Colleague: 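I'd like to ask some things about the structure below.
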Number of protein chains: 2
Amino acid sequence: MSTYQVPLADMRFALFDVLDAETAFQRLGYTDATRDVLDAVLEEGARFTSTVLAPLNAIGDREGCKLDRETGAVTTPPGFKQAYAQYVEGGWPGLTSPSEFGGQGLPHAAGVPLKEMIDAANLSWGNFPLLSHGATEALLHYGEAWQQEVFLKPLVEGRWTGTMCLTEPHCGSDLGLLKTRAEPQPDGSYAISGTKIFITAGEHDLTDNIVHLVLARLPDAPAGSKGISLFVVPKHRVDRDGNIGEANAVRCGSLEHKMGIHGSATCVMNFDGAQGYLVGKPHKGLAAMFVMMNTARLAVGLQGLGLSDRALQNALRYSRERLQMRSLSGPKYPDKPADPIIVHPDVRRMLLTCKALVEGGRLMGYDAALQVDIATHAEDAAEREQADALLGFVTPIVKACLTEWGVECTYHALQCFGGHGYIAEHGMEQLARDARITTLYEGTTGIQALDLLGRKVMQTQGAGLKVFLERITRFCDEQADHPALADLLGPLREKAAQWQELTMQIGRRASANAEEIGAASYDYLMYSGYVALAYWWARSVAASEASSQSASFKAAKRETARFYFARILPRTQAHAAAMVSGADNLTALDADAF
Amino acid sequence: MSTYQVPLADMRFALFDVLDAETAFQRLGYTDATRDVLDAVLEEGARFTSTVLAPLNAIGDREGCKLDRETGAVTTPPGFKQAYAQYVEGGWPGLTSPSEFGGQGLPHAAGVPLKEMIDAANLSWGNFPLLSHGATEALLHYGEAWQQEVFLKPLVEGRWTGTMCLTEPHCGSDLGLLKTRAEPQPDGSYAISGTKIFITAGEHDLTDNIVHLVLARLPDAPAGSKGISLFVVPKHRVDRDGNIGEANAVRCGSLEHKMGIHGSATCVMNFDGAQGYLVGKPHKGLAAMFVMMNTARLAVGLQGLGLSDRALQNALRYSRERLQMRSLSGPKYPDKPADPIIVHPDVRRMLLTCKALVEGGRLMGYDAALQVDIATHAEDAAEREQADALLGFVTPIVKACLTEWGVECTYHALQCFGGHGYIAEHGMEQLARDARITTLYEGTTGIQALDLLGRKVMQTQGAGLKVFLERITRFCDEQADHPALADLLGPLREKAAQWQELTMQIGRRASANAEEIGAASYDYLMYSGYVALAYWWARSVAASEASSQSASFKAAKRETARFYFARILPRTQAHAAAMVSGADNLTALDADAF
């Protein structure tokens with residue numbers, strides 16, 4: 001079985017030493033978000049996730065969710081329901097929700113370490129409360145007052161959970177194709193009919209009610225994505241006064257059999273004239289959907305991060321214990337029958353790759369959350385706008401890179417176990433299987449890449465990139481004389497300049513041939529992720545040197561940064577070459593000639 | 001469910017147009033191996049694998065092998081036994097074995113396409129006959145006459161299967177640690193006692209007997225890997241006259257629960273004074289083990305290839321059928337509700353990556369097999385020696401790269417399916433899970449990398465590399481004026497020169513610090529694979545242009561080569577930078593400070 005220890009030291013380092021979150025929170029008016037409060041949240045969160053959730057991870061994988069085909073009821077794996085009750089009792093669901101709806105009103109960034117802990121401890125379990133956040137956001141932004149009154153409080157308190165019902169059998173990335181219908185009813189409600197698939201937590205036994213947020217078409221809807229509206233459809237009917245009525249006409253038709261996340265209920269949901277209410281304006285559902293989606297995308301990025309960290313922790317433990325062969329430069333532990341495999345440089349390469357991606361990735365993920373807080377709570381409008389541009393820019397990077405790195409880190413960590421990694425009892429293969437969903441759901445890596453290059457860069461003339469580049473320049477200028485950064489700042493400046501140059505080059509190419517965007521998008525995305533990580537590693541070294549961390553902690557940050565710049569950052573060369581090689585080498589071949 | 005069609009056209013292209021195998025076989029004295037015979041083998045093999053084995057692939061995954069703990073008997077998934085009987089009846093087991101032991105005496109390279117087909121059709125099933133080949137090789141090289149008489153014929157005919165019993169709980173890569181004991185008996189046999197793990201096909205119901213080749217220590221054995229001997233230990237006792245006796249004291253203690261290859265029996269084998277016979281000289285088991293191992297390593301490389309091709313085939317089908325979004329340069333199929341996703345450049349990037357790795361990888365795998373034939377059958381001793389050096393050099397590259405690419409291709413192909421790829425019914429996730437074993441067993445990628453750089457390059461002063469570089473130079477010189485190769489030969493020559501330069505640079509570094517070998521090994525291995533593939537792609541273009549293939553076939557080869565050089569070969573830049581960055585960035589961090 002794989003184990004998990006919450007990396008409190010590095011989480012604190014990220015939040016307080018690098019991001020200086022306490023100062024930021026105070027400046028943004030979150031007066032309750034003091035270091036003491038945040039420390040208590042981290043420690044209580046660590047206790048809950050490591051003692052309650054982590055032990056259920058393997059059970060969830062083995063037992064899975066079960067559907068009763070007669071009733072449509074879904075039973076979660078043993079222990080999930082009790083763990084959820086403890087989660088609600090601990091007040092965790094509303095940690096970062098507004099206090100007027102029963103939340104604790106902490107900043108978004110204060111909730112992100114908890115999210116990472118939950119994902120690492122038990123990704124499948126974490127999927128049940130996950131989408132409540134998106135539903136909450138959508139209702140906060142677009143819900144009518146009575147809808148907020150009726151639905152938000154139970155969601156924030158965790159008495160109910162939420163879902164996002166977008167995908168249909170014939171439409172995933174292309175929501176313009178969706179067919180689910182919404183018929184207006186005399187009482188002002190709508191009758192929703194259609195089939196939605198891949199609905200995470202669509203049905204379960206953890207709560208009394210479930211709040212589905214459903215995309216559907218009104219009868220007079222224009223074709224395509226401009227004819228989509230958003231509806232709130234509870235599992236049990238709820239009237240405008242909050243009275244719970246009979247079961248609604250929505251039912252789980254089947255559970256998918258999946259590669260991993262067996263403990264997560266992935267449902268086919270059949271809506272058969274279910275009573276729902278319009279959220280926001282008619283035909284404007286896509287905007288509301290993006291509010292949910294962006295929250296979910298950052299959250300899925302953290303799933304990749306959490307799994308990577310858990311995988312690394314176990315690979316480290318195994319590599320220190322497993323004795324196999326001698327170091328090529330002579331025995332390191334001559335009293336043992338062989339050296340522990342952590343002496344071998346190639347094992348260290350895999351471990352350091354994970355460490356660099358995990359600790360650097362943590363800063364990417366936490367910083368994005370901080371930008372959410374700045375974009376919503378900064379006093380200065382220009383600062384809010386800048387944070388919003390940056391957030392839009394980094395969201396697809398965080399989602400795609402942290403999940404691609406999740407696949408990579410679970411790969412390396414399993415590889416450290418040799419053949420034993422392939423055996424279920426060690427738990428490494430579950431992490432690899434669970435990680436595999438994260439580059440698919442809430443938009444595949446390819447969709448994130450198009451979002452980044454097409455929408456976030458080209459459509460805004462690079463507004464978010466500009467903010468990021470300014471950050472890098474400012475940091476390099478400020479730290480120009482720092483001896484510990486002597487070998488890092490030069491390459492970082494070079495990469496930043498190349499990032500800008502490549503962006504302009506693709507822009508020029510795209511004005512002649514729109515296919516250049518799609519052809520460059522994936523490599524542009526990964527390139528961006530690696531340059532962003534170089535920035536975070538340089539900042540990590542600067543912050544650790546300036547901190548009161550131990551000498552060993554500082555050395556680990558310095559050495560990992562050095563490793564990253566020497567052995568991972570060069571991947572940008574391959575991505576740069578590919579992205580400017582032109583669309584023609586992808587589009588020339590006839591579809592039938594492959 | 002995923003489907004599989006044997007890629008006969010590309011197999012023929014590889015064998016006959018690129019490698020000119022018919023000429024080579026005739027020259028080597030395989031007079032039976034005419035094009036007609038080889039074509040018939042391909043076609044019959046395609047019929048058997050696609051109609052008998054492929055339909056059992058999903059069943060094997062779902063049902064797995066079952067152990068009866070009372071008797072130690074293992075039952076294979078439904079249909080496996082019948083399929084094996086057909087395999088034996090078709091004369092497939094001995095296709096490339098010597099005719100004096102009942103084989104058909106075809107060259108090794110003629111059997112390789114069959115191997116690829118079996119792996120693609122049903123990897124788990126293919127693991128049952130797989131290790132018979134290694135056992136056959138070991139007995140052919142090292143067995144006494146009576147051992148060959150008694151054991152080889154049933155192995156060649158497929159009436160019995162073989163195993164390789166190397167790994168023990170505490171020793172995998174480091175066989176020097178093994179503890180299994182062999183006690184000499186008065187009758188000249190040995191009593192073998194110990195526990196072996198991860199024994200593929202260690203127990204099953206396909207044949208009446210199983211021939212275990214077991215590494216163990218004699219009582220007077222020196223410590224470490226110089227004290228290991230090889231024994232043949234049948235499941236049912238066999239005397240020197242070939243009489244079958246009672247059950248031997250060897251028993252399957254348990255079956256591993258694995259991430260994939262559920263249909264393959266991965267056994268813990270307990271030897272409890274089992275009767276065995278020494279194969280070869282005392283304490284010289286490691287050399288015999290390497291004979292088996294090299295055969296198995298090339299075979300596992302083909303597993304990666306087979307799975308990659310099957311994954312690509314299904315991703316292609318899905319990408320042509322699945323309608324989602326419009327091409328960024330305007331609708332390509334305006335009469336449909338959306339364009340098939342194969343119009344999107346990023347989907348093509350994934351498909352072309354698979355295509356380039358599969359078709360180029362096929363040549364790498366087939367050529368290695370041809371070198372086996374040349375190394376054993378060429379008249380000229382110098383030619384044999386050169387082929388042997390080349391074979392030793394490419395074996396770890398074929399094993400590691402084709403399996404790493406197998407993981408990559410099954411990743412991309414699944415990704416083309418979006419969320420549907422994660423669902424069991426599409427069969428893509430099984431391919432990804434099955435592929436995951438291939439970079440682990442028969443030596444992890446890290447072990448292959450050490451074998452390549454440490455043993456095959458440094459210990460031989462680059463003998464095999466030299467042969468490969470001469471091939472590249474000769475080819476580039478011969479084709480210097482070929483218009484279709486105008487953009488390929490320059491980069492190929494550059495990479496070849498860099499390959500040599502990097503090798504010398506690492507050699508210099510390693511003479512100062514032995515850790516530089518381990519620190520550079522993985523990146524050196526992958527770099528070598530990508531340069532080798534560039535050579536094979538250039539040769540593919542030259543061969544297809546000179547062939548009578550269709551214009552569309554030729555265009556596909558040209559475009560895929562162009563894609564490969566523009567978008568995959570640049571990965572060598574990242575590997576080159578990493579491998580010369582020095583061991584220090586891997587070794588500096590204290591093992592406790594990670």
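These numbers come from the heavy atoms of this one structure, side chains and all, not from hydrogens, waters or symmetry mates. Model, not experiment: these values are computed from the prediction. Just so we're on the same page: letters track the sequence lines, and every chain starts at 1.
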Colleague: What part of A/Leu312 gets closer than 4.5 Å to chain B, counting heavy atoms only: side chain, backbone, both or neither?
Modeller: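 Neither; nothing under 4.5 Å.
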Colleague: Side chain, backbone, both or neither: which part of B/Leu414 has an atom under 4.5 Å from a heavy atom of chain A?
Modeller: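 For B/Leu414, heavy atoms of backbone and side chain both lie under 4.5 Å from chain A.
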Colleague: Take B/Glu429 and A/Arg436 through the test side-chain contact (heavy atoms from CB on, under 4.5 Å) and record every step on the way to the result.
Modeller: CA-CA 9 Å; B/Glu429 59 90 33; A/Arg436 190 64 189 84; over 6 Å; no
Colleague: Side chains of A/Gln415 and B/Thr444: donor-acceptor distance under 3.5 Å anywhere?
Modeller: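 Judged by distance alone, the side chains do not pair up.
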Colleague: Quick check on A/Leu177 against chain B: is it the side chain, the backbone, both or neither that has a heavy atom closer than 4.5 Å?
Modeller: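 When you check distances to chain B, only side chain atoms of A/Leu177 fall under 4.5 Å.
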Colleague: At a 4.5 Å cut-off on heavy atoms, which part of A/His257 comes close to chain B: side chain, backbone, both, or neither?
Modeller: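 Both parts, backbone and side chain.
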Colleague: Please state whether the side chain, the backbone, both or neither of A/Val407 comes within less than 4.5 Å of a heavy atom of chain B.
Modeller: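 Contact with chain B involves the side chain of A/Val407 alone.
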Colleague: List for me each residue that meets side chain to side chain donor-acceptor pair (under 3.5 Å) alongside B/Asp174, sequence neighbours excluded, and say none if there are none.
Modeller: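 If we apply the side chain to side chain donor-acceptor pair (under 3.5 Å) test to B/Asp174, skipping adjacent residues, there are no hits.
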Colleague: List the residues meeting ring pair (Phe, Tyr, Trp, His ring centres under 6.0 Å) with B/His420, not counting sequence neighbours, and say none if there are none.
Modeller: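 Partners of B/His420 by the ring pair (Phe, Tyr, Trp, His ring centres under 6.0 Å) criterion, ordered by chain and then number, come out as A/Phe198, B/His426.
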Colleague: So with a 6.0 Å cut-off around CG of B/Asp590, is the heavy-atom count from everything else above 12?
Modeller: yes
Colleague: May I ask you to say whether B/Asp10 pairs ionically with B/Lys557, meaning some side-chain N is under 4.0 Å from a carboxylate O?
Modeller: yes
Colleague: Where does A/Arg558 contact chain B at under 4.5 Å (heavy atoms): side chain, backbone, both or neither?
Modeller: neither
Colleague: Heavy-atom cut-off 4.5 Å, strictly under: side chain, backbone, both or neither for A/Ala556 against chain B?
Modeller: both
Colleague: Side chain, backbone, both or neither: which part of B/Arg349 has a non-hydrogen atom closer than 4.5 Å to chain A?
Modeller: both
Colleague: What part of B/Leu352 lies closer than 4.5 angstrom to a heavy atom of chain A: side chain, backbone, both or neither?
Modeller: both
Colleague: Give the member of A/Glu256, A/Arg320, A/Glu516 that has the highest number of heavy-atom pairs under 4.5 Å with chain B.
Modeller: A/Arg320
